[in-house]
Amino acid sequence: MMLPDQIADLITTATRKAQKKGDLPRFQLPSVSVNRPKRPEQGDWSCALPLQIVRDVNEALKARDAGKLSPVQIGEIIVRRLPDNPYLERVEVVKPGFINMFLSPEWLAAQAGEIVARGADYYRLDKGQGKRVQVEFVSANPTGPLHFGGARNAAIGDTIARLLENNGYRVQREYYINDRGTQMDIFGETLWRRYQQLHGIEVSIPEQGYPGAYMIEYARKVQAQYGDSLLSLSDEEAIPKFRKLGLEIVTAELADDLAQMQVHFDNWFSESSLYEDGTFDHVAAILRENGDLYVKDDAVWFRASKYLPKSDRDEVFIRSNGEPGYYASDVAYHYNKFVTRGFDWVINVWAVDHQNQAARMPAMLKALGIDPDRLTIVLYDLVTLKRGGKEVKISKRSGELITMREVLDEVGSDAARFLLLSHSNEARIDFDIELAVAQNSENPVYYVQYAHARVSSILRKAAAQGLEPDDAELNLLTHPTELALLHKMLQLPEVVNDAIDRLAPHHLPHYALELAKTFTKFYDACRVLSDDPADAALSRARLTLVKATQITLAYLLHLMGMNAPESM
RNA sequence: GCCCCAGUAGCUCAGUGGACAGAGCACCGGACUUCUAAUCCGAUGGUCGCAGGUUCGAAUCCUGCCUGGGGUGCCA
């Protein structure tokens, strides 16, 4: 259980006891929460319960004509019943009715030893309790290299997966490959034409095809493997063949690009497999039996309005040309996720231009008898690429960077991930390449990594002197910056908990910056190593704190998919 | 038209019911024979888009409006 929950429990217990003993009248208590006040004089933890219950208290007292209590008086009554506990050294009740609590420095200092003893496990929560969750992300159409916008999707999705897998969930990362439909046919045809062109055949690529130079590269890869042996194929034979070959090339390239960002998928799921293994026919049968399908304008429609009371809008299931639409694939796909594979929870990470699609997902789930709460769609806004404040046009012809690989090659994965994660999902990002590359104080990425490098350097130097972390005399840790650093480290589970509850990974980089700042203040104020043997005990205690900081920073960087450098 | 998101310090952004609204950058003034100065300390800086409402308490919740972005039935 997290520290704030434990402290809130103390308040709850004390209040119930006060009721039982007759100090306070009986009524239904609200759930108690505590928060970290901004001002140090208001304590390490604060609780506003007296203000929240003053009305209930006085109404109950009035009923038996027993006078009135002020919030401060209520607070004092509660505090008198506070159970013995190791955390709190001092508790104050102040106007207008806050209970301010101060952590025991001894208990706080002892946590440094706990962190060193248990490592990152000290911070891990069992939020998931073994639940199976799938995070589906990126899932860009496999018709070319990843656009830089995909990097934000990758950073968000992968970080959510990391948050979950470190806190009690069994996580699968999945990439959904849209490997059927009109776009793929045109892609296959373009590749086929490029291949023919490489062999001197004068053909032109399709009108709505893929003009990018990368298609010529793909054709060269086909040529390298097959030579001219495919030239004899007819268009009817060649297009499916090249669609398949192209898909293999692109998929390998996507995996490669994503690996550059420390992103690895457990499963690449083929859309067309849903049609080959009968899933699509099966869900169509379910919907038909329930009377959820009807024909209009030569198309088959899904009666979505039946399941979404606020909407009168239905969805095209099978288009008038006989081809299932994307919504039909989504129905089959989600049936596969929830029923066939039985995930407890599914998270889809989508760009904000799919917002409408996201709003229509619950209808299909209800129609399939699946609890809509088992699906969460994380929507994020787009990224504008800039260089020195000027927008980089998303145009191949400009010659400017646009693919994810090109940006990563220039700014590096760590900086890209950190900067892409720093904004809330709903916020648009202006990603300035110049700023991202800058290895100076303007760039917060390096401030955080630098703190880890410093910590590592101290531990190295100490080891060379024969000094190791030792928790025998941790009560020597009394300096305000030492206690502040410990208090900040203890905040990590709260940050993680919040990030998971809201699927908002941007809390991690912000906290990382705060933690690095808090460490650097300690570093500035407190010398760890010393030439004087008389300081050895304090050095060992501080080394424990430094080691705990290293563990914490490394875990935090790991959650963000970043490296924790030992030196810079 | 309708739906979604955003509007907080000069800039980039945190903060989704608690106390006097925060950070980074920029700007100004200090600190270096450093366990890595990619540093630290201090100062300046805000009618939280606007107007109502709910509440002991609102940047946060509700209603309306303004501005910007996105979406809006056979593309995905």
Side-chain angles (χ1 to χ4, degrees), chain A residues 33 35 37-39 41-42 46-48 50-52 54-55 71 94-98 100 139-141 176 178 181-183 208 271 296-302 304 310-321 323-330 350-360 379-382 384 389 419 422-430 432 435 438-451 453-462 465 502 504 506-507 509-511 513-514 517 520-521 523-530 539 542-543 546 567-568:
Chain A
S33 66
N35 63 301
K38 290 167 195 137
R39 299 169 185 284
E41 67 270 20
Q42 294 171 346
S46 178
C47 180
L51 290 162
Q52 287 157 0
V54 62
R55 170 183 293 211
V94 299
K95 281 201 279 192
F98 291 101
N100 292 339
S139 298
N141 280 343
Y176 179 55
N178 299 110
T182 328
Q183 289 306 307
Q208 300 295 318
E271 179 186 3
K296 189 180 87 180
D297 302 334
D298 295 331
V300 178
W301 294 71
F302 165 62
K310 277 186 280 185
S311 162
D312 57 359
R313 179 178 156 159
D314 293 337
E315 304 297 332
V316 171
F317 195 71
I318 298 174
R319 293 190 270 156
S320 48
N321 66 3
E323 286 291 317
Y326 67 89
Y327 193 83
S329 287
D330 272 354
W350 289 352
V352 71
D353 53 338
H354 291 70
Q355 57 178 256
N356 217 33
Q357 191 183 350
R360 291 177 280 159
L379 291 175
Y380 65 92
D381 214 314
L382 304 173
T384 307
L419 295 172
S422 302
H423 301 67
S424 61
N425 296 335
E426 304 80 29
R428 262 169 292 163
I429 298 184
D430 287 338
D432 196 312
L435 207 74
Q439 306 214 349
N440 58 30
S441 59
E442 283 185 56
N443 196 333
V445 180
Y446 299 104
Y447 185 85
V448 176
Q449 291 188 316
Y450 191 65
R454 266 182 165 165
V455 159
S456 304
S457 171
I458 295 172
L459 291 168
R460 266 198 310 274
K461 275 227 159 71
Q465 293 180 17
R502 291 156 63 174
H506 73 278
H507 290 114
H510 283 274
Y511 170 76
L513 220 45
E514 288 174 19
K517 178 92 181 168
T520 309
K521 283 186 181 189
Y523 172 87
D524 194 61
C526 297
R527 180 127 192 130
V528 177
L529 304 176
S530 165
S539 282
R542 283 183 173 163
L543 277 172
V546 169
S567 63
M568 286 174 75

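No experiment lies behind these values; they were computed from the predicted model shown.
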Spell out protein contact along nucleotides 55-62 of chain B as letters: B when the base is contacted, S when just the sugar-phosphate is, - when no protein heavy atom is under 4.0 Å; keep the 5' to 3' order. SB------
What pairs with A328(A) under side chain to side chain contact (heavy atoms under 4.5 Å, CB included), at least two apart in sequence or on another chain? Y275(A), F280(A), F317(A), P324(A)
Taking OH from Y523(A) and C1' from A38(B), how many angstroms apart are they, rounded to a whole number? 12 Å
Over how many whole Å does the gap from R313(A) atom CZ to C4(B) atom C1' extend? 13 Å
Describe the nucleic acid contact of S567(A) in one word from base, sugar-phosphate, nothing, applying a heavy-atom distance below 4.0 Å. base
Should we count CZ of R55(A) as having more than 12 external heavy atoms under 6.0 Å? no
Parallel, tilted or perpendicular: ring planes of H506(A) versus H510(A), cut at 30 and 60 degrees: perpendicular
Side chains of N425(A) and V352(A) in contact at under 4.5 Å (non-hydrogen atoms): no
Select one nucleotide: of C35(B), A19(B), A76(B), the one nearest the side-chain heavy atoms of S46(A). A19(B)
Consecutive Watson-Crick or G-U pairs in runs of at least 3, all under 3.5 Å, in which RNA chain B is involved: B:1-7 with B:66-72, B:10-13 with B:22-25, B:28-31 with B:39-42, B:49-53 with B:61-65
Side-chain touch D314(A)/F302(A), heavy atoms, less than 4.5 angstrom: no
Side-chain touch K517(A)/E514(A), heavy atoms, less than 4.5 angstrom: no
Considering only heavy atoms and no angle criterion, is a donor-acceptor pair shorter than 3.5 Å present between the side chain of E315(A) and the base of G73(B)? no
Close side-chain approach of P96(A) to L51(A), heavy-atom, < 4.5 Å: yes
Please tabulate, one pair per line, each protein N/O and nucleotide N/O from nucleotides 13-16 of chain B that are separated by under 3.5 Å, including the distance.
from   : atom 1 : to      : atom 2 : distance (Å)
A14(B) : OP1    : S424(A) : N      : 2.6
A14(B) : OP1    : S424(A) : OG     : 2.6
A14(B) : O3'    : H506(A) : NE2    : 3.3
G15(B) : OP1    : H506(A) : NE2    : 2.7
G15(B) : OP1    : H507(A) : NE2    : 3.1
U16(B) : OP1    : R502(A) : NH1    : 2.9

Evaluate whether atom CD of Q465(A) has more than 12 neighbouring non-hydrogen atoms of other residues, nucleotides or ligands under 6.0 angstrom away. yes
So F317(A), base contact, sugar-phosphate only, or nothing? Heavy-atom distance under 4.0 Å. nothing
Between R454(A) and R39(A), name the one whose nearest nucleotide on RNA chain B is closer to the 5' end. R39(A)
D297(A) side chain to A299(A) backbone, donor-acceptor under 3.5 Å: no
Within the distance-only criterion (no hydrogens, no angle test), does the side chain of R542(A) pair as donor or acceptor with the backbone N or O of R527(A) below 3.5 angstrom? yes
Is any side-chain N or O of R319(A) closer than 4.0 Å to OP1 or OP2 of C75(B)? yes
Would a 4.5 Å heavy-atom cut-off, applied to side chains only, mark L513(A) and V448(A) as touching? yes
Side-chain heavy atoms of F98(A) within contact of N35(A), under 4.5 Å: no
Can you tell if the side chain of V94(A) reaches within under 4.5 Å of the side chain of E41(A), non-hydrogen atoms only? no
Between C526(A) and L379(A), which has a closest nucleotide on RNA chain B that is more 5'? L379(A)
Contact class for D297(A) (heavy atom, under 4.0 Å): base, sugar-phosphate, or nothing? base
Can a donor-acceptor pair under 3.5 Å be found between the side-chain atoms of S320(A) and the base atoms of C74(B)? yes
Please classify the nucleic acid contact of N35(A) as base, sugar-phosphate, or nothing, using heavy-atom distances under 4.0 Å. nothing
G71(B) C1' sits how many Å from W350(A) CH2, rounded? 14 Å
Centroid distance under 5.5 Å and plane angle under 30°, F98(A) vs A19(B): yes
Whole-Å distance separating the OH atom of Y446(A) from the C1' atom of U39(B): 18 Å
Letter per nucleotide, 5' to 3', of nucleotides 41-48 of chain B [B base touched, S only sugar-phosphate touched, - untouched; heavy atoms, 4.0 Å]: S-------
Measure from the side chain of Y447(A), starting at C-beta and using heavy atoms only, and say which of C35(B), U72(B), U39(B) lies closest. U39(B)
Do D381(A) and I429(A) come within less than 4.5 Å of each other through their side chains, counting heavy atoms only? no
Which part of the nucleic acid, if any, lies within contact of V546(A), taking any heavy atom under 4.0 Å across all strands shown: a base, the sugar-phosphate backbone alone, or nothing? nothing
Under the 3.5 Å rule, do the base of A76(B) and the side chain of Y326(A) count as making a donor-acceptor pair? yes
List in chain and number order the residues that pass salt bridge (Lys or Arg N to Asp or Glu O under 4.0 Å) with R454(A), two or more places apart in sequence or in another chain; answer none if no residue qualifies. none
Which of the following nucleotides, U72(B), A38(B), C40(B), is nearest to the side chain of N356(A)? U72(B)
